[in-house]
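Below: the structure, in structure tokens.
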Amino acid sequence: MEEKQTKKRSLRRPRRRLIPIWLRLVIVLVLVALSGAIGAMVGYGILGDGKPFDALKPTTWQHIIDLIEKQ
């Protein structure tokens with residue numbers, strides 16, 4: 001009985017992935033960065049009463065870092 005199962009397994013074709021693992025990792029990293037940017041824009045623009053695209057400017061982030069390091 002075990003011989004049949006091992007023979008069946010060895011006769012199977014190796015499964016080819018539709019999306020390679022390295023591409024999956026790249027897609028996940030891009031989605032994480034995109035969701036972080038959208039979250040910052042929503043938080044800064046809607047909750048913080050600023051312009052949403054100002055959340056992406058380096059001067060805004062420098063100001064936030066200065067506020068954190070000040071204390």
Side-chain angles (χ1 to χ4, degrees):
M1 192 77 161
E2 286 184 35
E3 286 181 24
K4 287 183 181 182
Q5 287 179 348
T6 55
K7 209 174 197 183
K8 253 187 185 179
R9 287 184 188 165
S10 65
L11 293 179
R12 285 188 196 168
R13 263 188 13 203
R15 186 174 151 217
R16 183 162 169 95
R17 298 189 189 276
L18 186 62
I19 300 174
I21 292 176
W22 64 269
L23 184 59
R24 290 181 192 187
L25 291 174
V26 169
I27 290 171
V28 167
L29 289 175
V30 167
L31 290 177
V32 165
L34 187 64
S35 66
I38 291 172
M41 289 173 68
V42 167
Y44 191 80
I46 296 174
L47 300 177
D49 293 331
K51 295 178 183 175
F53 284 102
D54 285 347
L56 303 178
K57 291 183 180 177
T59 55
T60 303
W61 288 101
Q62 187 61 48
H63 179 68
I64 292 171
I65 291 171
D66 291 341
L67 289 175
I68 292 172
E69 289 179 352
K70 183 180 176 183
Q71 298 178 5

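This chain uses plain numbering: 1 for the first residue, then up along the sequence.
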Could you tell me whether the side chain of R24 reaches within less than 4.5 Å of the side chain of I27, counting heavy atoms only?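 No, too far: nothing below the 4.5 Å cut-off.
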Say whether [X] and [Y] are linked into one hydrophobic cluster, either directly or through other cluster members, by side-chain heavy-atom distances under 4.5 angstrom.
{"X": "V26", "Y": "I21", "value": "no"}
{"X": "L31", "Y": "W22", "value": "yes"}
{"X": "I46", "Y": "I38", "value": "yes"}

Distance in Å, M41 CE paired with L47 CG, rounded so as to fall on 0.5 Å steps: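 Rounded to the nearest 0.5 Å, the CE-CG separation comes out at 13.0 Å.
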Rounded to the nearest 0.5 Å, what's the gap from CG on L34 to CG on L29? Could you check?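 If I round to the nearest 0.5 Å, the distance is 12.5 Å.
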Search all heavy atoms of Y44 against all heavy atoms of D54 and return the closest pair with its distance.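 Nearest pair, atom of Y44 first, then D54: CE2-CB, 3.5 Å.
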Minimum heavy-atom distance between A55 and A40, given as atom pair plus value: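 Smallest heavy-atom distance, with atoms named: CB-O, 3.6 Å.
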Could you walk me through whether T60 and H63 satisfy the side-chain contact (heavy atoms from CB on, under 4.5 Å) test, starting with their C-alpha distance in whole Å, then the side-chain angles of each, then the deciding distance to 0.1 Å, before giving a yes or no? CA-CA 5 Å; T60 303; H63 179 68; 5.7 Å; no
